Chemist: 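Sharing a structure with you now.
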Amino acid sequence: MSVLAVLDPAVAVAHTVVAALAHVVPTALAIVLFTVAVRLALHPLARAAARGEKARARLAPKVAELNRKHKNRPEKLREALAELHREEQVSPAAGCLPALVQIPFFSVMYRLFTTPNDLLDHTLFGAPLGLHVGSAHGAGQVAVFGVLYAGLAGVAYVNFRRARRAAAAAPSAQPGMGVLPYLSFGTVLFAALVPLAAALYLLTSGVWSAAERAWLHRGSVPVPSMAMV
């Protein structure tokens, strides 16, 4: 039995919601609407993460100074950083929370469209929602995947540029910072492994994340954070 079987009760609820929407609109659009509803529900977490990231940016000079002061004393550095975060009431992991919370939601959508159910035969411009790109045949089905992947690549490029600006704005070089921006394109690679419906979820969620982040961080300097799907 798959480890994702534990999600089956939530999958049943998601199926009911998407199926109900599919009686009113095309199933592909129902997926988009369901995704938007989930992201809207998670928006308060995104706002909290944005506040945390702005606070981290404000504290960046102090963090850099502590790094220099305790360069050869890692234990003292950890204590000093912990004290700084307590004094400023800033969580160093605040920006990761929305991304982590989304993982169960995507897992539910992935299982919904990778286990047999009546929604898998519905199509998006002739391509079944349960279809993998490796099983696509005909120019029409290939084109549907191509458009989705192009959209995901576009969103990844926006995230890549943001991450590059964040790395350039960092007060000091940190291990892995040079590689971090390129991880934005991991979503495109992952989309090639999942069914069409899951890729559609990734694109919808990615567009929402990029727009939401641009709005929440308007006028502020970007800081490194975990990319959201």
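Worth saying up front: this structure is predicted, and the values here are computed from it rather than measured. Count residues from 1 along the sequence.
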Chemist: Could you give me the CA-CA distance, side-chain angles and deciding distance for Leu84 and Leu66, then say whether side chain to side chain contact (heavy atoms under 4.5 Å, CB included) is met?
Modeler: CA-CA 10 Å; Leu84 175 64; Leu66 290 176; 4.0 Å; yes
Chemist: Are any side-chain N or O atoms of Ser205 and backbone N or O atoms of Tyr201, one a donor and one an acceptor, separated by less than 3.5 Å?
Modeler: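 Side chain of Ser205 to backbone of Tyr201, a donor-acceptor pair under 3.5 Å: no, none is there.
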Chemist: Run the side chain to side chain contact (heavy atoms under 4.5 Å, CB included) test on Tyr149 and Leu203 for me, step by step, so that the C-alpha distance in whole Å, both residues' side-chain angles and the decisive distance to 0.1 Å come before the verdict.
Modeler: CA-CA 8 Å; Tyr149 295 160; Leu203 177 59; over 6 Å; no
Chemist: I need the minimum non-hydrogen distance between Leu21 and Phe34, along with the two atoms involved.
Modeler: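 Reported closest heavy-atom pair: CD1-N, 4.3 Å.
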Chemist: Check the pair Leu33, Val25 against side chain to side chain contact (heavy atoms under 4.5 Å, CB included), reporting the backbone distance first and the verdict last.
Modeler: CA-CA 10 Å; Leu33 294 176; Val25 298; 4.2 Å; yes
Chemist: Nearest heavy-atom pair of Val133 and Ala192: which atoms, and what distance?
Modeler: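 Val133 and Ala192 have their closest heavy atoms at CG1-O, 3.6 Å.
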Chemist: Kindly assign one of parallel, tilted or perpendicular to the pair Phe160 and Tyr157, based on the angle between their ring planes and the thresholds 30° and 60°.
Modeler: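 Answer is parallel, since the angle falls under 30°.
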Chemist: Considering non-hydrogen atoms only, spot the tightest contact between Ala46 and Leu216 and give its length.
Modeler: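 That closest heavy-atom pairing would be O-CD1, 3.7 Å.
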Chemist: Might you work through the side chain to side chain contact (heavy atoms under 4.5 Å, CB included) test for Glu83 and Arg86, ending with a clear yes or no?
Modeler: CA-CA 5 Å; Glu83 180 62 25; Arg86 279 196 298 269; 2.7 Å; yes
Chemist: Between Arg111 and Asn117, is any pair of side-chain heavy atoms under 4.5 Å apart?
Modeler: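 With C-beta onward as the side chain, the pair stays apart.
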Chemist: Drop me the distance from Glu79's CD to His70's NE2, to the nearest 0.5 angstrom.
Modeler: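 Separation between the atoms: 9.0 Å.
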Chemist: Under 3.5 Å, side chain of Asp121 to main-chain N/O of Pro128, donor-acceptor pair present?
Modeler: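 The answer is no, because no donor-acceptor pair under 3.5 Å joins these two groups.
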Chemist: Would you indicate whether the side-chain heavy atoms of Thr123 and Leu129 approach each other to under 4.5 Å?
Modeler: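 No, every pair of side-chain atoms sits at 4.5 Å or beyond.
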Chemist: Would you name the heavy atoms of Ile31 and Ala197 that are closest together and state the gap between them?
Modeler: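 Heavy atoms of Ile31 and Ala197 come nearest at CD1-CB, 3.7 Å.
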Chemist: Measuring only between side-chain heavy atoms, which start at C-beta, is Arg162 closer than 4.5 Å to Ser184?
Modeler: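 A side-chain contact under 4.5 Å is absent here.
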Chemist: What's the shortest heavy-atom distance between Pro195 and Thr114, and which atoms?
Modeler: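 The answer is CG-CG2, 3.4 Å.
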Chemist: So which atom in Leu124 and which in Ala28 form the shortest heavy-atom distance, rounded to 0.1 Å?
Modeler: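 Reported closest heavy-atom pair: CD1-CB, 3.7 Å.
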Chemist: Are Phe190 and Val147 co-members of a hydrophobic cluster defined by side-chain heavy atoms under 4.5 Å apart?
Modeler: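 They do not share one cluster, since no chain of ILVMFWY contacts under 4.5 Å joins Val147 to Phe190.
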Chemist: Just one of Leu42, Val36, Thr35 clears the side chain to side chain contact (heavy atoms under 4.5 Å, CB included) bar with Val38, so which one?
Modeler: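 Of the listed options, the one satisfying the test is Leu42.
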Chemist: Backbone N or O of His137 within a donor-acceptor pair of the Gln141 side chain at under 3.5 Å?
Modeler: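 Yes; at least one donor-acceptor contact below 3.5 Å.
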Chemist: Report the distance from atom CG of Leu202 to atom OH of Tyr110, rounding to the nearest 0.5 Å.
Modeler: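 It is 11.5 Å, given to the nearest 0.5 Å.
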Chemist: Given Phe113, which of Leu119, Leu196, Leu131 fulfils the side chain to side chain contact (heavy atoms under 4.5 Å, CB included) condition?
Modeler: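 Only match with Phe113 under side chain to side chain contact (heavy atoms under 4.5 Å, CB included): Leu119.
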Chemist: Rounded to the nearest 0.5 Å, how far apart are CG of Leu112 and OG1 of Thr16?
Modeler: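 Leu112 atom CG to Thr16 atom OG1 measures 9.5 Å (nearest 0.5 Å).
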Chemist: Decide whether Val17 and Leu29 are clustered together by the hydrophobic rule: side chain heavy atoms of Ile, Leu, Val, Met, Phe, Trp, Tyr closer than 4.5 Å, transitively.
Modeler: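 Looking at the clustering, Leu29 is in the same group as Val17.
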Chemist: Closer than 4.0 angstrom, basic N to acidic O: yes or no for Glu65 and Lys62?
Modeler: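 No, no charged N to carboxylate O under 4.0 Å.
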Chemist: Under 3.5 Å, is there a donor on one side chain and an acceptor on the other for Thr204 and Arg39?
Modeler: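 No - no donor-acceptor pair under 3.5 Å links their side chains.
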Chemist: So how far is it from Arg68 CZ to Leu77 CG, rounded to the nearest 0.5 Å?
Modeler: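 Going from the CZ atom of Arg68 to the CG atom of Leu77 covers 12.0 Å.
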Chemist: Is Val194 linked to Leu189 within one hydrophobic cluster, defined over Ile, Leu, Val, Met, Phe, Trp and Tyr using a side-chain heavy-atom separation of less than 4.5 Å?
Modeler: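 No; Leu189 is not reachable from Val194 via cluster members.
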